[in-house]
Amino acid sequence: MAKDGIIEYFYAAHSAYAYLGAWELARIAKQTGWTVQHRPFDFAPVMAAAGGKAFRTRTPAHINYFFGRELVRWAEWRDLPMIGHRPTYHDHPLALANGMIIAGGADADVLSQAILQAHWRDDADIADKETLRALADGSGLDGTALLDSAISEAVQTRHRINTDEAIARGVFGSPTYFIRGDMFYGQDRLQMVERAITTPFAV
């Protein structure tokens with residue numbers, strides 16, 4: 001469990017709501033002096049462990065609301081550009097993009113934002129090596145070195161650890177934040193995350 005000063009950030013690199021909350025999370029961290037600890041995880045097994053339904057099995061009403069109207073409203077609220085459809089490559093594997101963020105280390109904030117934005121603004125394939133290399137290079141980082149690190153056993157082991165820990169701690173969606181062990185699900189809880197940093201909620 002992280003101590004004071006750490007916002008544990010469990011999410012997947014293709015998450016719409018992680019994208020919508022990314023810049024607000026960075027603002028909170030900067031304003032409070034806390035550090036965001038990026039914990040990208042493999043989305044499908046976390047959802048399965050939590051009993052979540054696969055996208056194709058959800059009702060049209062659920063899809064139209066949470067992946068339609070809500071996205072439109074939150075994109076406007078956060079003043080973020082967003083495509084008007086489910087990303088073309090949304091079901092591609094996450095290990096490489098998540099691994100790039102893990103490999104980013106101290107630069108994970110800017111790299112994560114670039115990957116999330118490419119997926120949800122530009123409809124990019126974030127499972128594609130050349131796409132990820134270009135995103136890293138465009139962020140002022142060494143894309144080739146990050147790709148090499150992303151596929152390393154050390155980084156992919158960390159990815160599996162993040163996934164296993166998300167399951168063990170009851171994470172059931174992306175993004176999820178922990179403040180001193182207190183879990184907040186969804187970027188619409190970021191106001192509560194900010195409050196919890198200075199004034200923890202009653203147990």
Side-chain angles (χ1 to χ4, degrees), residues 1-55 58-59 61-80 82 94 98 101-102 104-106 108-113 115-116 120 158-203:
M1 183 183 301
K3 299 180 181 179
D4 281 4
I6 300 293
I7 302 171
E8 293 181 281
Y9 178 29
F10 285 85
Y11 67 108
H14 73 337
S15 168
Y17 287 101
Y19 168 56
L20 291 168
W23 282 264
E24 178 66 3
L25 176 61
R27 181 199 66 77
I28 291 169
K30 182 177 181 180
Q31 188 166 311
T32 61
W34 279 43
T35 298
V36 176
Q37 184 181 78
H38 290 257
R39 306 292 300 277
F41 62 77
D42 195 5
F43 187 75
V46 172
M47 286 294 292
K53 290 185 176 181
F55 186 84
R58 300 179 190 188
T59 66
H62 178 100
I63 292 171
N64 291 338
Y65 184 79
F66 287 104
F67 298 97
R69 187 61 184 150
E70 275 286 84
L71 295 186
V72 170
R73 289 192 296 220
W74 275 108
E76 182 177 332
W77 187 261
R78 298 287 192 210
D79 194 25
L80 290 172
M82 197 171 204
L94 291 167
N98 284 344
I101 295 168
I102 295 168
D109 282 352
V110 66
L111 187 57
S112 174
Q113 288 172 358
I115 291 171
L116 288 163
W120 282 101
R158 170 51 56 187
H159 187 223
R160 289 191 293 272
I161 290 171
N162 288 349
T163 302
D164 291 344
E165 187 171 335
I167 293 170
R169 294 174 69 175
V171 170
F172 51 84
S174 171
T176 296
Y177 318 91
F178 286 90
I179 303 296
R180 303 184 189 90
D182 199 7
M183 185 172 80
F184 298 85
Y185 166 61
Q187 66 88 32
D188 54 344
R189 298 296 187 270
L190 280 169
Q191 186 176 5
M192 300 179 81
V193 167
E194 186 171 16
R195 145 63 203 266
I197 287 172
T198 57
T199 308
F201 287 92
V203 178

Going by heavy atoms in the side chains, are N162 and N98 under 4.5 Å from each other?
no
Restricting to non-hydrogen atoms, name the atom on Y9 and the atom on P175 that form the minimum distance, rounded to 0.1 Å.
CE1-CB, 3.7 Å
Does R73 pair with E76 as a salt bridge, N-O distance under 4.0 Å?
no
Separation between CD of E8 and CZ of R169, rounded to the nearest 0.5 Å
4.0 Å
Using side-chain heavy atoms (C-beta onward) and a distance below 4.5 Å, is M192 in contact with I179?
no
Give me the atom names and distance for the closest heavy-atom approach of A22 to Q113.
O-NE2, 3.8 Å
For the pair F43 and F41, name the ring-plane relationship: parallel under 30°, tilted 30 to 60°, perpendicular over 60°.
parallel
Minimum heavy-atom distance between M183 and T176, given as atom pair plus value:
CG-CG2, 3.4 Å
Hey, what do you get for CZ (R69) to CG (N64), rounding to the nearest 0.5 Å?
12.0 Å
Minimum side-chain heavy-atom gap Q187-W74 below 4.5 Å:
yes
Ignoring hydrogens and angles, tell me if any N or O in the side chain of T198 forms a donor-acceptor pair with the backbone of R195 under 3.5 Å.
yes
To check you understand the geometry: which heavy-atom pair defines the closest contact between V36 and A29, and what is its length?
CG2-CB, 3.7 Å
Is V171 close to F178 at the side-chain level, that is, under 4.5 Å between some pair of heavy atoms?
yes
Looking at CZ of F172 and CZ of F10, how far apart are the two atoms once the value is rounded to the nearest 0.5 Å?
13.5 Å
I'd like to know if the side chain of D109 pairs up with that of H38 as donor and acceptor (distance under 3.5 Å, no hydrogens or angles considered).
yes
Would you give the length of the straight line joining atom CD1 of I197 to atom OH of Y177, rounded to the nearest 0.5 angstrom?
11.5 Å
Shortest non-hydrogen contact from G173 to M47?
CA-SD, 4.3 Å
Is it true that S112 and Y11 share a donor-acceptor pair across their side chains at a distance under 3.5 Å?
yes
How far does CD1 of I6 sit from CH2 of W34, to the nearest 0.5 angstrom?
8.0 Å
If you measure from CZ on R27 to CD on E194, what distance do you get to the nearest 0.5 Å?
4.5 Å
If you define the side chain from C-beta out and look only at heavy atoms, does anything of Y19 sit under 4.5 Å from H14?
no
Do L80 and W120 have side chains that get closer than 4.5 Å, going by heavy atoms?
no
Can you check whether S15's main-chain N or O pairs, donor with acceptor, with S174's side chain at less than 3.5 Å?
no
How close do L71 and A16 get, counting heavy atoms only, and between which atoms?
CD2-CB, 3.8 Å
